[in-house]
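Have a look at the structure below, then the notes.
Counting convention: from 1, in listed order, for ligands and their atoms alike.
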Amino acid sequence: MAVLEGNHLTKRFAGLIAVNAVDFQIEEGEIVGLIGPNGAGKTTLVNVITGIYPPSEGEVYFRGERISGEKPYRIGRRGISRTFQVVQPFPGMTVKENAAIGAMFGAGGKQKSARQALERAEQILEFVGLADLKDKSSDQLSVASRKRLEMAKALAMEPQVVLFDEVMAGLNFGEIDQAVELIRKVRDTGKTILVIEHVMRAIKSVCDRIFVLHHGEKIADGPVDEVLNNENVIQAYLGKRYRQLTGQGED
Ligand SMILES: Nc1ncnc2c1ncn2[C@@H]1O[C@H](COP(=O)(O)OP(=O)(O)O)[C@@H](O)[C@H]1O
Ligand SMILES: [Mg+2]
């Protein structure tokens with residue numbers, strides 16, 4: 001049985017179909033990539049999965065149970081967490097306090113005291129490589145460290161499934177490699193992962209499978225190499241990125 005499944009998911013905003021009849025399945029332990037042009041509906045899909053928006057049509061299933069229609073905190077408690085594309089540290093709080101808030105919600109949150117949440121925060125900051133910055137104000141962090149803190153907050157919720165929404169945007173090559181390494185390390189702890197990313201080099205090296213959204217519709221789904229060589233995907237999205245990846249010339 002799939003860990004996470006979308007069945008004919010559609011999300012409409014007044015006059016606009018952001019996600020259009022999307023079916024997807026994610027199996028236990030997979031790292032699945034989600035790619036597509038800006039505005040394709042990737043973040044909206046994450047918002048629908050995590051309950052920020054109820055779907056206009058269709059359902060989301062987690063381990064076979066229908067979760068669409070539930071409130072975000074309930075879905076979090078079931079074991080699904082996500083990062084935000086526009087990083088959202090809690091202002092005026094330290095890095096450790098930010099991570100501790102994640103620890104108080106989500107799958108592990110219910111039984112935790114504040115002290116236990118802070119302990120959990122320390123562990124997770126160690127795991128993501130932010131331990132040295134734990135007492136800094138989150139406003140003082142570099143872009144790469146903010147992205148890492150976003151990941152730490154999501155992981156502090158002790159999810160079974162984690163959705164990473166553009167955690168590599170704005171990073172340099174070295175930082176991207178480190179982020180890829182961290183995502184692999186997260187998978188090695190037994191989690192199932194959806195990675196939304198424009199950095200094709202990273203997608204190629206970290207994903208078991210990818211699917212592609214274009215104007216809200218899923219236009220491809222399969223093994224990485226197959227999808228990246230799919231003519232529709234190249235036309236809709238990859239273009240220049242594809243040529244950079246394969247070293248082929250301009251049009
Ligand atoms: N809350 C909202 N209200 C109205 N339109 C929205 C809202 N959120 C997203 N959209 C629109 O839905 C489309 C998909 O957006 P989004 O899911 O953010 O795309 P992506 O993450 O793939 O770049 C865009 O046209 C965007 O403007
Ligand atoms: Mg987005």
Short N-O contact, Glu181 and Lys185, less than 4.0 angstrom: no
Keeping the roles fixed (side chain from Glu175, backbone from Asn172), state whether a donor-acceptor pair exists under 3.5 Å. yes
For atom 17 (O) of ligand 1, which protein heavy atom lies nearest, and how many Å away is it? Thr44 OG1, 2.6 Å
Do we get Lys218 above Phe24's six-membered ring, with its NZ or CZ under 6.0 Å from the centre and within 45° of the axis? no
Quick check on side-chain contact (heavy atoms from CB on, under 4.5 Å): which of Ile49, Asn47, Thr43 does Leu45 satisfy it with? Ile49
Could you tell me whether the side chains of Asn38 and His198 share a donor-acceptor contact shorter than 3.5 Å? yes
Atoms in ligand 1 with a heavy atom of Asn38 nearer than 4.0 Å: 23 (O)
Nearest non-hydrogen protein atom, atom 10 (N) of ligand 1: Phe13 CE1, 3.5 Å
Can you find an N or O of Lys42 that's nearer than 3.5 Å to an N or O of ligand 1? yes
I'd like to know if Arg82 pairs up with Glu150 as an ion pair, taking the criterion as any Lys NZ or Arg NE/NH1/NH2 lying under 4.0 Å from an Asp or Glu carboxylate oxygen. no
Of all the atoms in ligand 1, which lie at a distance below 4.0 Å from a heavy atom belonging to Ala18? 12 (O), 13 (C)
Is there a nitrogen or oxygen of Ala40 sitting under 3.5 Å from a nitrogen or oxygen of ligand 1? yes
Which residue holds the protein heavy atom closest to atom 18 (O) of ligand 1, what is that atom called, and what is the gap in Å? Thr43 CB, 3.8 Å
Taking atom 15 (O) of ligand 1 as the reference point, report whether a protein heavy atom occurs under 4.0 Å from it. yes
With no hydrogens and no angle check, just 3.5 Å: does a side-chain donor-acceptor pair link Arg78 and Gln160? no
Report yes if Tyr53 has an N/O atom closer than 3.5 Å to an N/O atom of ligand 1; otherwise report no. yes
Nearest non-hydrogen protein atom to atom 26 (C) of ligand 1, with distance, is Leu16 CD2, 4.5 Å
Salt bridge or not for Glu57 and Arg12, using N-O below 4.0 Å? yes
Considering only non-hydrogen protein atoms, determine which one is nearest to atom 23 (O) of ligand 1 and report residue, atom name and distance to 0.1 Å. Gly39 N, 2.7 Å
For Pro37, counting its heavy atoms only, list the atoms of ligand 1 lying under 4.0 Å from any of them. 22 (O)
Min N/O separation Gly41 to ligand 1 under 3.5 Å: yes
Connected via hydrophobic side-chain network under 4.5 Å: Leu34 and Ile17: no
State, to 0.1 Å, how close Arg120 and Leu155 come at their nearest heavy-atom pair, and which atoms those are. NH2-O, 3.5 Å
In terms of hydrophobic clustering (I, L, V, M, F, W, Y; side-chain heavy atoms under 4.5 Å; direct or indirect links), are Phe211 and Val199 co-clustered? no
Atoms (protein N, O or S; no water) under 2.8 Å from the Mg ion (ligand 2): 2
Before accepting this row, confirm whether a basic side-chain N of the pair Asp165/Lys42 lies closer than 4.0 Å to the acidic partner's carboxylate O. no
